[in-house]
Asker: 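Pasting a structure here, questions to come.
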Amino acid sequence: MATDRITGAVLDIRQPHDIASKLTGRPARILETLPAFFLGLFVLAQPLSIAGSHIAYAGAAVAWVLRLAFVRRGILKSSPLDLPILLYLSLCAVSTLVSPLPASSWEGMRKVTIIFMVLLVAHNVPNSRRAKQLLAILFLSGLAGVIWAGWEYIDGVGLRIHNPVPGAAFYQAGIRDNDVILQVDGHSIEKPKELLQRLNSEPPGKSMQLRVVHGGGIEILKDAVPISISPDSTPRPANLSALGMQIETDRPARARAFYSHYVTYAAVLDLLGCLAFGLWLAHRRHSPLSSAVFAGLFLAFTIALGMTLTRAAWLAFAFGCAVEVFFFLRHWSRLIIVSVVLILTAAGTSVAMHRWRGMGIIDMNDPGTAYRVLMWRDGMKLIQAHPWFGVGMNVVRDDSTKFDLEAYREYGLQSHFHSTPIEIGVDLGLLVLGCWIALMAVYWLMLARLVARTRGNADRFPHGLSLGILGGTSALLVSSVAQYDFGDSVVVFLFWFLAGLALALQHKVQRDMPSTRAAA
């Protein structure tokens, strides 16, 4: 391939230097193993820790570069995504260079360059065994997130305050109705009796330090504000009623597990759930044990997704699973089955939204929906005013007064544009948006061909993996129309990791084709 020849000429991978050829034995094996080790840490940390994911990704990238530099076994493989990725990155860099706030825009390039995860995974997952190991760790880590989300509902996340009496110590300190106390003196607190014990055990003359999320916020520590109760005001109540307020254990309204936002968690669950569903479809008639495992994973991720109460993610998940069913079945009835599933999901989502959130699927009386629509209108105006290279990444965030957005004026809330295509068009311009759409189209078609190529394999894992990635990709692309999923580094990390697995699988299929034809 032309890409291979260019890579060989530039990196001189085909003819190692003398110094590289001397690096053999144990050092070479270590450099061969390090990228896989860090990729294992990445999938372990991915559903649990954002910082851990970034560190593991950086470690894997450095280890791979060292392996290429000193061991130099094999070559950089070409793929259908090479040219679209190169054009996408190049145009993003140009848009960033012409940005009115280059420093802000270069910060945004960090998320763009996560796309290198595709190459990193594709060149360090040489076989199905390695892919299975990484997916096993990923699923176990995802299950840990589901268990933690359930535990938060059982045990609570803090203390919710109701009807504080003016003049009481907590009211004077700044506690208001519907606030949530997360910590007292650095200790998490979930039960009202724990607060009573803390108050009565405070040493005389010591102020009490609280971490509080004011009403309407998400109960996470990074959003909590410090509140201090002076030593003279610290109460010593005999019972809870003497505190001058009502207290109850607070449970999250919407599941978010280890993430800071339920929308992020819902997008991750879309990908994990579709992946488990594809693997279950492929194994259900061939391996009872594998089928049971994947069915259990699918059920766990589906329940957790339901707990997020995120309508866009629910509908996108149903669409992704419907795409998998459509490609899996070869009977004419598949269109009817897919249509029925989507209609029932839409109806069920509407009922659930009315039941638990008091709104419909599309409800302009909902402030969140109204704000989203206003942001879309503002975004389209900005695209018309700056069509070629956009206004620059993060420029609207850092210089919002320059653009006078109607949504900001009306709601007093500064946020992104709640749509991946609109956000890309605003930040980077129509050229980058067109390139991004082309990249997604090429990738989706590659996955569809991969599903067809692996259909007849005796080993059902490649077919299930390609089905699951196709479904997850379809779900995220649909969701991204109404969510800025590609602006969340956690979601983008997992999306490109799965893309790398798909490329690794394609490389394996291409390697196996000559032997398959010879056997035929």
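Each residue takes its place number in the sequence, starting with 1.
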Asker: Tell me, do L199 and M208 make a side-chain contact under 4.5 Å, heavy atoms counted?
Answerer: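 Yes - at least one pair of side-chain heavy atoms lies under 4.5 Å apart.
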
Asker: Compare every heavy atom of P421 with every heavy atom of S480, then report the nearest pair and how far apart it is.
Answerer: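 Scanning both residues, the minimum pair turns out to be O-CD, 3.5 Å.
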
Asker: Do L120 and L39 touch side chain to side chain, with heavy atoms closer than 4.5 Å?
Answerer: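 In contact.
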
Asker: Scan side-chain atoms only and decide if Q46 and S53 contain a donor-acceptor pair under the 3.5 Å cut-off.
Answerer: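 Not at all, the side chains of Q46 and S53 share no donor-acceptor pair under 3.5 Å.
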
Asker: Aromatic contact between W376 and F417, with the criterion being ring centroids under 6.0 Å apart: yes or no?
Answerer: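 So the answer is no for these two rings.
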
Asker: For the residue pair F139 and L279, establish whether any side-chain heavy-atom pair is separated by less than 4.5 Å.
Answerer: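 Counting from C-beta outward, F139 and L279 do come under 4.5 Å.
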
Asker: Under the salt bridge (charged side-chain N to carboxylate O under 4.0 Å, His left out) rule, what do D366 and R311 come out as? Steps first, then yes or no, please.
Answerer: CA-CA 13 Å; D366 168 42; R311 49 192 163 174; 3.0 Å; yes

Asker: Name the atoms and distances for all side-chain donor-acceptor pairs under 3.5 Å in residues 340-356, with sequence neighbours left out.
Answerer:
{"from": "T345", "atom 1": "OG1", "to": "V341", "atom 2": "O", "distance (Å)": "2.7"}
{"from": "T349", "atom 1": "OG1", "to": "T345", "atom 2": "O", "distance (Å)": "2.7"}
{"from": "H354", "atom 1": "ND1", "to": "S350", "atom 2": "O", "distance (Å)": "2.9"}

Asker: Applying the ring pair (Phe, Tyr, Trp, His ring centres under 6.0 Å) test to W148, which of Y153, Y259, F258 qualifies?
Answerer: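 So, applying the ring pair (Phe, Tyr, Trp, His ring centres under 6.0 Å) to W148 and each of Y153, Y259, F258, only F258 qualifies.
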
Asker: Measure the shortest side-chain to side-chain distance between M109 and C92 over non-hydrogen atoms and say whether it is less than 4.5 angstrom.
Answerer: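 A side-chain contact exists here, since the closest heavy-atom pair is under 4.5 Å.
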
Asker: Of the non-hydrogen atoms in L297 and A276, which two are nearest, and what is the gap between them?
Answerer: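 Nearest pair, atom of L297 first, then A276: CB-CB, 4.0 Å.
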
Asker: Examine the side chains of S105 and T96 and answer whether a donor and an acceptor come within less than 3.5 Å of each other.
Answerer: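 No pair is found: no donor N or O on one side chain lies under 3.5 Å from an acceptor on the other.
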
Asker: Taking the six-membered ring of Y262 (Phe, Tyr or Trp), confirm whether the NZ or CZ of R254 is under 6.0 Å from its centre and within 45° of its axis.
Answerer: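 Yes, cation above the ring, under 6.0 Å and within 45°.
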
Asker: Measure across L305 and A313 and return the closest heavy-atom pair with its distance rounded to 0.1 Å.
Answerer: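 Here L305 and A313 meet closest at CD1-CB, 3.9 Å.
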
Asker: Under 4.5 Å between any side-chain heavy atoms of Q183 and L210, yes or no?
Answerer: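 A side-chain contact under 4.5 Å is absent here.
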
Asker: Work out which heavy atom in Y408 is nearest to a heavy atom in S415; give both atom names and the distance.
Answerer: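 Result for this residue pair: OH-O, 2.6 Å.
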
Asker: Distance from I55 atom CD1 to I50 atom CD1, nearest 0.5 Å?
Answerer: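 These two atoms lie 12.0 Å from each other.
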
Asker: Taking the six-membered ring for Trp, are F301 and F277 ring centroids under 6.0 Å apart?
Answerer: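 When the ring centroids of F301 and F277 are compared, they turn out to be at least 6.0 Å apart.
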
Asker: Apply the ring pair (Phe, Tyr, Trp, His ring centres under 6.0 Å) test between Y57 and each candidate in W64, F38, F497, F493; give the one that qualifies.
Answerer: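 Of the listed residues W64, F38, F497, F493, the ring pair (Phe, Tyr, Trp, His ring centres under 6.0 Å) partner of Y57 is F493.
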
Asker: Classify the angle between the aromatic ring planes of H283 and F294 as parallel (below 30°), tilted (30 to 60°) or perpendicular (above 60°).
Answerer: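 Ring orientation of H283 relative to F294: tilted.
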
Asker: If we ignore angles and hydrogens, is there a donor and acceptor under 3.5 Å between the side chains of E190 and T249?
Answerer: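 No pair is found: no donor N or O on one side chain lies under 3.5 Å from an acceptor on the other.
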
Asker: To the nearest 0.5 Å, tell me how far I303 CD1 sits from T308 OG1.
Answerer: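 Answer rounded to 0.5 Å: 12.5 Å.
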
Asker: For a 4.5 angstrom cut-off between non-hydrogen side-chain atoms, does L501 reach L135?
Answerer: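 Yes; the side chains approach each other to less than 4.5 Å.
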
Asker: Can you give the donor-acceptor pairs under 3.5 Å from side chains of residues 465-475 to other protein atoms, not counting sequence neighbours?
Answerer:
{"from": "S466", "atom 1": "OG", "to": "T454", "atom 2": "OG1", "distance (Å)": "3.3"}
{"from": "S466", "atom 1": "OG", "to": "P462", "atom 2": "O", "distance (Å)": "3.0"}
{"from": "S466", "atom 1": "OG", "to": "H463", "atom 2": "O", "distance (Å)": "2.9"}
{"from": "T473", "atom 1": "OG1", "to": "I469", "atom 2": "O", "distance (Å)": "2.8"}
{"from": "S474", "atom 1": "OG", "to": "W444", "atom 2": "NE1", "distance (Å)": "2.8"}
{"from": "S474", "atom 1": "OG", "to": "L470", "atom 2": "O", "distance (Å)": "2.8"}

Asker: Is any side-chain heavy atom of E410 less than 4.5 Å from a side-chain heavy atom of L374?
Answerer: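 Counting from C-beta outward, E410 and L374 do come under 4.5 Å.
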
Asker: Under 6.0 Å between ring centres: does that hold for F486 and W436?
Answerer: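 Ring centroids of F486 and W436 are less than 6.0 Å from each other.
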
Asker: Using a 6.0 Å cut-off, check whether atom NZ of K191 has over 12 heavy atoms from anything other than its own residue.
Answerer: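 Yes - once you tally the heavy atoms of other residues, nucleotides and ligands closer than 6.0 Å, there are more than 12.
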
Asker: Evaluate the side-chain proximity of F319 to L315: yes if any heavy-atom separation is below 4.5 Å, no if none is.
Answerer: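 No, every pair of side-chain atoms sits at 4.5 Å or beyond.
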
Asker: Out of curiosity, T369 OG1 to H418 NE2, how far, rounded to the nearest 0.5 Å?
Answerer: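 If we round to the nearest 0.5 Å, T369:OG1 and H418:NE2 are 10.5 Å apart.
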
Asker: Where does the angle between the aromatic ring planes of Y411 and Y371 fall among parallel (under 30°), tilted (30 to 60°) and perpendicular (over 60°)?
Answerer: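 Judged by the thresholds at 30° and 60°, the geometry between Y411 and Y371 is perpendicular.
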
